[in-house]
Each structure stands twice: as C-alpha cells, then as structure tokens.
Amino acid sequence: MTTEPAARTATGRGLTTGTLVAGLLAVCLAQIGLAIPATLNGLFQSDLHPVGSQLTWISDAFLLPVAVLELTFGLLGDLFGRKRLLVGGASLLAVGELVSATASGIHQLWAGQALAGLGAAALFPTSLAILAAGTTSPAQRARVIAMWAALLSTGGFLAPLLGGITATYGSWRWSFVVVTAIAAASAAVSALFAVNSSAPGGRSLDVAGQLTIGLGLFSLLYAIIQGPTDGWASPSIVIAFVLAAVFLAAFVLAEKRAKSPLLRLDLFRNRAFAVASVVAVVGMFAFLGTAYAVSIRLGPVQDQAPMRTALAFVLLNGITLVMLPLTERLLTTAAPGLLLGAGLLLIAAGDYWAATLPITDSTFTSLILPLGLVGLGFAITVSSITATAVNTVPVHLAGMASATTNLLRDFGFTLGPAVIGAVALSRAANNFSNSLHDSALPAALKGAGTAVLEEGGPLAVNGASAASPKLADLHPLALDALGYGYSIGFIVCGSAALLSALLALITLHSRTTPHADPTER
C-alpha cells in the first residue's frame, strides 16, 4: 500500500466519495461497538452474574483503550497514513467482537471488548482526520464535521436496536456477531475506496508521552470504578489516585520537553479550543452517564425487555441524524458558545426531569420527554464541540486536533459509566443498608440481605430477591435503594451539563474561524 502526500488529499483531489463513505462508515462502526453493551446490561447480569463493579467494567473495557490510545493513533495516522489505520482498526474491532461473542465468562468478555476498543481507538480520530484533510474550505469542513457527528450518533442508536432485536430473537452473542460482520465490511470499503492522506510534518513517536498518559488515565479510571467495591479509603484506591496524579503531571512535563509531542500543549492557548476541550470531557460525561443510568434502570433494575432499552437509546442518539441539515447550517451561522450552551442546557433539563421519575414507573411514555431533551441537546453539542476544536487549528494540525478532541470526548464517555456507576451503587448500598436495618423484617432475612449486598452489591440483591420467593420481601427495599441511587446519578449528570453550559456561554462569544497557528490567540 502506498502512502500519498498529505497535500494530494487536502488540495489536489479534494474529498472523494470513496473516502467520505469509508470515513463515515468507520465512525459509525466504532460508535456501534462502543454503544452495544449498554443495551445488553440486563442480559449480562442474568447470564454471566457479574458482581460489584464487574458490570461497569464491561463498558469501560471498551472505552479505556479508546481514551488512552486515541492520541497515539492520531499521530500514527499522521505519520504512516490514515487509510492503514481505518483498515487495521476495523479488522481489530472485528476480532474483539468475535472474542466477545464466544465469551464463556465475564473475563473473556472483558478481553474481547478491550480488543474491540483498541480498534475503535484507531477509528475515531482517523475517520475525522481523513475527512478533514480532504476538505478545501471552512464551509465544506463544517458540512463534513456535521455528517461525521451524525454518523457517530447513527451508530449510537443502531447499536441498541441491533442489540434489542438480536437479544429478543436470539442471544446477546449474536449482537457481537453482527458487529463483526459490519467491521469486516468497513475494513473492505476502506481498503478498496479510501484515498490515503498523512501529515508527517516533522512528527515522530512520543514514547514518554504515551506511557505517562496511558498509565495516568488507567490509574484514574481504575480508582473511580473500583472505589465503591474496594472502599474509597482502601490502600489500592488511594495508591491509584496518587499514581494518576503523578503520571498525568509527568505527561505534561514530557510534552513540554518533547521535540515532537504527542499533544501540542500550545493548542490550549486557543480559547475556543481550550473551552471545547473542557466541555468535551464534562459534557460528554453527562451524556453517556445519562445513557448508562438509563440502561441500568431499564435492564438490571426494572428487568425490562432489551427492545425497551433500544427505544430509549433511539431517543438519545437518533435525533442527531434527523437534525443534520439544521446542525450543518447552525455550525456556519451561530456563535459556538451559544450552540454549546443551548445543547448542554437541554441535556441538563432532561437529566433533572429524569431524576424525578419514580423507579416503580416502568412505562416508556414517562421517559420520552426527558430523554428527548437529552438527545436534542446531544445533537447540538457533539457537532459544536468537534467544529469548535477542529475549525480553530490549521489543516496540518487537523489530525492532532481531531485526535485530542476525540480523546477528551471519549474520556468523558469513559467517565460516564465509571462515575455514575460508582455514585449510584454507593448511594444505593447505603440506602439499602439503612432501610434494611430500620425494617421490621426477620433477623434471618436481614442477615441474608446483608450477605448478598456484601458479596454482589445492590444489583445482586435486586436480582436475587426478584428471583427467589424466600428473599422476596427484600425486593421493595432494593428497588427503592437503586431508584434513589440512580436518581442521584441523573442529578450529577445534569449538574455537569449545566456547569459546562455556563462555561461555554460565558467564554465563547463570537463565531469560530480557522487560524494559521494555535498560538495566535
């Protein structure tokens, strides 16, 4: 495979139809892989019987390599050609999903999702960079970014539909088989039709930067996810937080000294880019935290059918595709702060509304308006974040900017299940313990409830009490406790979105235009 000069794609041939289709299919595939486990959480709980934080790790096993390695894959695409990464990333994702489909236990499922996440880590930044490199004007770039964001969201609502249909008429394993087939098709399309591009521009591998950011992010996420299970004051969690701080500080020092840094820190001197970066983390944490809370509410807690969860995710993700023409127009006419602020305010409103819904309400109609608000807000926000960040850097930095934006967005995504799972399960466990202690239930039943709680957490108590007549009297207590915990989760997500909205509205006042160098602002 030959590597064409970057300029050929950017200025000579422009954006070809084959490259456009390959890039859009790649990001859709990556998002399908990311989103599919959420629909299946209830089935994972009943089939594989995860305990404590093991259910959270299914989602974050995919998300962790995405968050840790996106910067590196953005650099590799700049150095060696983006077409190679589209083909290789889709192929690796196919292998990971096949491993997941054949999983006999929770640990093999983790391994498969980690491999698939490694492939997605290549696809997210590379798909955006190869499209941005082929554009020849700000208007065309805005159009392509809107299409890229729409296909990202398309993957987000196709995934739960796929999961719901295959789980209803077959098994959760068939969901991963279908994704394997889509990944193989994406690899073939990229290999046959994508036009290669690169932007080596004196860049080289930054080993110190990759090691420090990888270890730092892994330590941080490990501490957040395992905190409720191991105890926040336990030595392993304290050490993990300390290591996270040390490695992330070392990453900043390494990037300042590197001749060819993984991340140019001077990009953050651009106010629009810096604000978009913060909003990417906090705002996307709010969105995927909401999605995770919804999936747990409908699946393991209320034990509703996978198709019900699928419909909820259509509301959360499908609006982006419907709004594509309007979003494209807004990106070229409206101030970025107004767009970001409006989108995040809608997410906050939907979350606060969802927090008021009683856990005993299993009707789908009660979710339509709050989830519709979150989905509408996400449609506006995800395109605005990407456009604000990428449009403010020169074309030769599009790979780094897109990789950075994707890293921060997906780090926010990774934090969503981790933080909301930790907060909700901690609050639910405390609430259940207090309710059980104050109840008039027999001492033997109290002892059994405490034992199940200590072994598997509140989700295990909820599942066991629903399945066993001997523990049935524990079910109302467990259900109420989980409803309380995940209501707090919705409030946390809403507050994060609200703070991000205020930041965007206060700091971004004008339209975003490209600059020759990020240090000019």
Side-chain angles (χ1 to χ4, degrees), residues 35-62 103 105-106 109-110 113 159-160 163-164 167-168 171-173 175 225 228-229 288-313 316 354 357-364 367 371 416-432 449 452-468 471-472 474-490 493:
I36 197 117
T39 312
L40 308 173
N41 276 325
L43 298 178
F44 295 149
Q45 183 73 39
S46 60
D47 192 5
L48 302 177
H49 307 294
V51 297
S53 61
Q54 288 183 339
L55 190 63
T56 302
W57 273 113
I58 296 174
S59 292
D60 276 336
F62 186 103
I106 195 72
L109 185 55
W110 287 348
Q113 287 300 285
T168 300
S171 164
W172 57 264
R173 300 178 188 278
S175 300
I225 295 172
T229 301
L288 205 68
T290 303
Y292 183 75
V294 169
S295 75
I296 299 299
R297 173 189 172 96
L298 297 179
V301 177
Q302 293 184 338
D303 196 27
Q304 298 202 46
M307 279 303 300
R308 184 65 65 86
T309 305
L311 292 176
F313 274 74
L316 289 172
L357 300 177
I359 196 63
T360 52
D361 183 359
S362 60
T363 61
F364 186 73
L367 290 171
L371 295 190
V419 173
I420 298 308
V423 169
L425 292 177
S426 294
R427 302 294 291 182
N430 290 336
N431 184 281
F432 177 78
V452 176
L453 179 68
E454 292 177 351
E455 177 66 24
L459 285 174
V461 178
N462 185 66
S465 60
S468 172
L471 302 177
L474 296 174
H475 189 63
L477 299 181
L479 189 65
D480 287 344
L482 287 166
Y484 170 74
Y486 282 96
S487 290
I488 297 297
F490 283 124
C493 291

Considering non-hydrogen atoms only, spot the tightest contact between Ala310 and Gly164 and give its length. CB-CA, 4.4 Å
Nearest 0.5 Å, please: how far is CH2 in Trp172 from CG in Leu109? 5.5 Å
Out of Leu477, Leu482, Leu474, Asp303, which residue meets the side-chain contact (heavy atoms from CB on, under 4.5 Å) rule with Asn462? Leu482
Please find the pair of heavy atoms, one from Gly289 and one from Cys493, that lie closest to each other, and give the distance. C-SG, 3.5 Å
Output the distance between atom OH (Tyr486) and atom CG (Leu357), rounded to the nearest 0.5 Å. 16.0 Å
Would you compute the distance between atom CG of Leu48 and atom CD1 of Ile58 and round it to the nearest 0.5 angstrom? 6.5 Å
Keeping Ser468 on the side-chain end and Ala464 on the backbone end, is there a donor-acceptor pair under 3.5 Å? no
Atom pair OG (Ser171) and CG (Leu43), whose distance is rounded to the nearest 0.5 Å: 8.0 Å
Can you tell me how far CG of Leu311 sits from CG of Leu367, rounded to the nearest 0.5 angstrom? 10.5 Å
Minimum heavy-atom distance between Leu479 and Thr360, given as atom pair plus value: CD2-CG2, 4.3 Å
Test item: Pro300 and Phe44 side chains (from C-beta on) under 4.5 Å apart, heavy atoms: no
Taking the side chain as every heavy atom from C-beta outward, state whether Arg427 and Val423 have any pair of such atoms under 4.5 Å apart. yes
For residues Leu288 and Pro417, report the shortest heavy-atom separation together with the two atoms involved. CD2-CD, 4.0 Å
Got a sec, which residues hit side-chain contact (heavy atoms from CB on, under 4.5 Å) with Ala460, two or more places apart in sequence or on another chain? Val452
My understanding is that only residues two or more places apart in sequence, or in another chain, count here; which of them pass side-chain contact (heavy atoms from CB on, under 4.5 Å) with Asp480? Ile359
Which heavy atom of Phe432 sits nearest to which heavy atom of Gly449, and what is that distance? CE2-O, 4.0 Å
Over all atoms of both residues, closest heavy-atom pair of Ala429 and Pro458: N-CG, 4.1 Å
Just do the side-chain contact (heavy atoms from CB on, under 4.5 Å) check on Ile296 and Tyr292 with the steps written out, would you? CA-CA 6 Å; Ile296 299 299; Tyr292 183 75; 3.8 Å; yes
If you round to the nearest 0.5 Å, how far is CH2 of Trp110 from CD of Gln54? 4.5 Å
Close side-chain approach of Val294 and Phe490, heavy atoms under 4.5 Å: yes
Can you sort out the partners of Asp361 under side-chain contact (heavy atoms from CB on, under 4.5 Å), two or more places apart, ordered by chain and number? Arg297, Pro358, Thr363, Ser366
